[in-house]
Every structure is written in structure tokens, then in C-alpha cells.
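Worksheet: one structure, shown below.
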Amino acid sequence: MNYEDVMKLALERGFYFPSCEVYSDAQAGFWEYGPSGVSLKNKFLELWRRELIRRDGMFEIDGSQIMSKSVFEASGHLGSFADPIIKCKKCKSTFRADRTISEISNMEIPESADLIEFDKAILQSNIKCPKCKGDFENTKKFNMMFRVGIGPEEEEAYLRPETCQSIFVDFPRLFKIMRGKLPFGIAQVGKSFRNEISPRQSLLRLREFYQAEIEVFCNPSRLNDVEKFSEIQNTIIRIQTDSEPFAMTCKEAIESEIVPNKFVAYYLGILTEFYEKTGIDITKSRFRKLGEKEKAFYAEAAFDFEVETTIGWLELVACNYRSDYDLSSHAEKSKEKFEVMDNDKKVLPHVFEISMGIDRSLYTILEHSLNDDKEHERIVLSIKPYLSPIHVGVLSLIKKDGLKEKTDEIYLQIKRKFDAFLDHSGAIGRRYRRLDEIGAPFAITIDHETLKDDTVTIRKRDSMEQNRIKISELDSILTESLAYP
RNA sequence: GCGGAAUUAGUCUAGCUCGGUAUGACGUCAGCUUCCCAAGUUGAAGGUCGUGGGUUCAAAUCCCGCAUUCCGCACCA
């Protein structure tokens, strides 16, 4: 199914919808999760915790969304996260100043240079608008961070443009109190904020969005000293360097030197295993090895985890080897010590980052799971049972003869443990269809036989097949079928 | 941010050319019916037609601004 089908499902079934939609001054790039969306998101994150955080023995924190100016001076976001832009006086088109100047005059001005340098170059080389030959206004800086004023004096602070800065600044304390040893993983889930010029496509480019970030602190001289590598050495990952992506085991990726070391390969491996369990079609995924020009300003080596969807390849995760960029700049700015002991040697750890876009991941799960079952005239969200917003529908076959009461009783029994949905109204087939559309893997139906022998029928979403089971077995059957893998 | 198109109920949509406060479908709710896959039947709720202004006796309809959405461009750690 395509983007529009997913959008329709999201709007009709409460996965997500535009923020503040009753007001006409609602801004672009802000979306809300409805009940189904939140339920999916929570379950997705539980899977993430199981497959990455607990599996690797990482620690999770929850930092502030507003952070002080110094943090972003040290991180480089105040300098590098801002682009010098020039605007044409005549046609109002906006361009990147540094790129436009270098294309037309071959003059290379670093993007962090003083704004006057750009204006000078434009005058000297008589640079005009590439579109309409008009003159440019003075160069301005466009920073993607949202500035906020703290307290009555409105002191300068920023909404974080990525969650990981708290992890870096908290690292010295966390390493001490959690009795840290390298490699040391810290994770965080939360919102980040970027003032995108043009937000697009609902969850795919937001101004306020969720990230699940992992920063693994490591000793740069021991990147091939990874015991856990054997766990994933035969896991198949798909890597693209410059041509088509091709599949290889993690072991082969190391031997061919496509992935620089076992440490990075280990995390690419467990990340792939995680995404496989979300139900995303892993044969439509790739780790794209980024070239020099594409990499972020802090990255030494970078792999983007991308998945193919009906609107093209989507970047779901950025995996960056950030070296000691972050810790050394925070150390310098804060005068705090960030070195730690590893095997009796003092080291400033390097960082490998796994920065996941949650919203995009959820969209991709929905798109890859949504099917049009033409034979049975239904839309089915064939999502993994443990990720489904609703685990089980509880239905009375008809309302009369005490079936409604018996149904309510069974619903009460299970609703605290499972995400159950009670439904008495309308034809039974219609109720099954509704459950199919939000991905409920099971429906149990209470009929006249239930009153006689305490059995119910259980219907499976994908096969539509039904079995009769004892009410006393219900709990264990559901528990087993809905368990995380 | 630039250019183009669009915006009518939960969703899709008719009406706009040629001005007279809105059509249909699906969905939703309640009843009847119904012992298993969107059936039938009787009712009901839900829209100041994105928003602000203008023209007019009268605007969903004509004109202008803005917002949002989609498509391109640009941007995108």
C-alpha cells in the first residue's frame, strides 16, 4: 500500500493527524499521535529496549529538551547547524551562499566564515541570481535550532536539535555512578526540534520529532576487541558503497573491509536484527556508506540505514562514528574531565552513535504491514502481534440471551493484562474487519456454546481461521502468542 | 523559501463555468433482525464549504491576502 493509503488509515483509525487542526494558524511540521499511534510507538520502543538496550547492557536516561547555549557552542550546532543564505531581491529565491559562490566564481568560502566575507565575494565576482539574474540581499544566517528565552530576562537557550547532547554532557557522572567500563552504552528516547524550511509528508519531515539515540563510548585502540561479535558474525546485513546494495554476513563485511571494525559491525548487526523483528521488509533495506561530502560535520565514518517505501528510500537511522569530537569539545568548553580509565590506561573515549528516527520507522512499519486483501474485501494491517495497537478484540456473537453479559465478564478478566477492545455493535463480520484494519492479531467471540461449556472461538487476523478454546486457556494462549520474540 | 495545483462531515466526493447557505457514498450511533466474516431493515447525529478581508440585496461559487496539504525546485547531521 502507498503513502496515501497509510495516511487514510492514520486519519481514520487514530494513528496520527495534524496538530492544532481546529485552528487556522496551525503551523506545518507538527503532528499528534492518536491512541493507536501511541500504542504502536510504546510497543516499538519496548522492542528497541529489548533488542538493543538490554541486549547490550546499555543505560537509558531522559534529559532536558531545553539546553543551555554553551552546550551548542561546544557541540558546534551554533556554528555549523546554521547555513549562510542569500535571497534574491527580485524573484525571492533563496540559495546557500557558500555553494552559489563556489559554483559561479570557484571561490571557496567556508560556511562558518563571517557573513561579510560572502557579501564581499558576491560584489567582487558580480554574482547574480541563477534564476532571474536579480541582485541579492545581504547574506543572513539561518539556524535550524529553536531559540527560547529562559526566565524574565529571557536568557538564551535552545530546544535540542538532537537528543544525544545530554548523553555527552552527562557522560562523566554516568560513567562514575554506573561503575562504567568501556564500551559503555547510553541511550535516550525523546523529542528533538529542528526549524525545517519546508516540513513535508506528515511523519517523515517534522519540526518536532522523536529520536531514539544510542551513544556507545569506546576505546579507539580496541575496536576489534569485541567478544560479542560472534553473536552476529553470521547475521546478514545489506550494504551499499557506490553501486547496488548487496547482502553479506557481518563477518564478510569485516573481511572485505567494507565495515572498518568489529565494533561498528556488531552494532550494524544487532540493528538489523531489531528491524527484522519490527516486520519491516529487510530485503528492502540497506546500509548506505556515506561519502565525504554527505557526512555530518562531526562524523568520521557513517552508515545510513535506509528502507525502500512507495515514496522512495527513507533514512531511518544514522550510524555515525563521531570519534572524540563531542567529548573533547565539551571537555574544552566546560573544563570538566572526560577521560576515563580503561585497562589501566587513561583514554578519552570515542563515540559510535545509532540515531534512530522513531516517526519514520513507525511510518515504514505501517506501510510495509498494510495489505489490501481483495479476496475477502478487507484492509489488513498485518503487523507483528507484539506491536499491534490492539492485541485482541472481545466480541459477542449476538447481544441477546446473556451473551453480552458473558462477553463483558471475559473482557474484564483480560483487559488489564492485554490491550483488549470490547465490541457488541453491528454484524460480526464488520467487527472483524474493523479489528483487521488496526492490526489486532486476535478476536475472541462469545457464542451460545460459551454458556454451555465455557469455550470461545479465537480468530486469527491473517488467516481468518477460527479455533475453539477453553476460557481457562485464554490467558496462556494470548500471553504466548503476543510475546516479544 | 520559490513555482504549480488543491482545501466542502471521521474518509472520499457533487455543486463553482453561469452567485440564491450544500449532493451522494462509505463510516459512526440507536433499535429490530441475525449462532461467525463489510447482509437486511427503521431511525439519528455530524458541515457557519481551510482562514481573514473585498465585491454584492445575496458568496462554497467572483476577487485579494494568509495558512495548510500535495507535486516540482531548493534545503535536509
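We use all heavy atoms of the structure for the numbers below, so side chains are in, but hydrogens, waters and symmetry mates are not. Residue numbering restarts at 1 for every chain, and letters A, B, ... go by the order of the sequence lines. These figures come from a predicted structure and were not determined experimentally.
The base of B:G10 is not paired with the side chain of A:R13 by any donor and acceptor separated by under 3.5 Å. One cannot find a donor-acceptor pair under 3.5 Å joining the base of B:C75 and the side-chain atoms of A:S198. One can find a donor-acceptor pair under 3.5 Å joining the base of B:C37 and the side-chain atoms of A:R459.
Using a 4.0 Å heavy-atom distance criterion, A:A26 is classed as a sugar-phosphate-only contact. As judged by a 4.0 angstrom heavy-atom cut-off over every strand, A:D447 is placed among the base-contacting residues. As judged by a 4.0 angstrom heavy-atom cut-off over every strand, A:S355 is placed among residues making no nucleic acid contact. At a threshold of 4.0 angstrom between heavy atoms, the contacts of A:Y3 are confined to the sugar-phosphate backbone, with no base atom among them. Backbone-only contact: A:Q201 has heavy atoms under 4.0 Å from sugar-phosphate atoms and none from a base.
A gap of 11 Å separates the C1' atoms of B:U61 and B:U21, to the nearest Å.
Side-chain proximity of A:L11 to B:A30, B:U11, B:U69: nearest is B:U11. Side-chain atoms of A:R205 lie closest to B:C75 of the nucleotides B:C75, B:C29, B:C37. The side chain of A:H448 sits closest to B:C35 out of B:C35, B:C36, B:G27. For A:Q466, counting side-chain heavy atoms from C-beta on, the closest listed nucleotide (B:A38, B:C73, B:C37) is B:C37. Here the side chain of A:A427 is nearest to one of B:C2, B:A39, B:U69, namely B:A39. For A:W31, the side-chain atoms get nearest to B:U69 when compared with the rest of B:U69, B:A30, B:C36. Set against B:A74, B:U11, B:C29, the side chain of A:K8 has B:U11 as its closest nucleotide.
The pair A:K470-A:D454 does not count as a salt bridge, with every side-chain nitrogen at least 4.0 angstrom from each carboxylate oxygen. Using a 4.0 Å cut-off between charged nitrogen and carboxylate oxygen, A:D359 and A:R205 do not count as a salt-bridge pair.
For A:R459 and A:Y432, the positive end sits near the middle of the six-membered ring, less than 6.0 Å away and at most 45° from its axis.
Residues passing the salt bridge (Lys or Arg N to Asp or Glu O under 4.0 Å) test with A:K69, sequence neighbours excluded: A:E73, A:E156.
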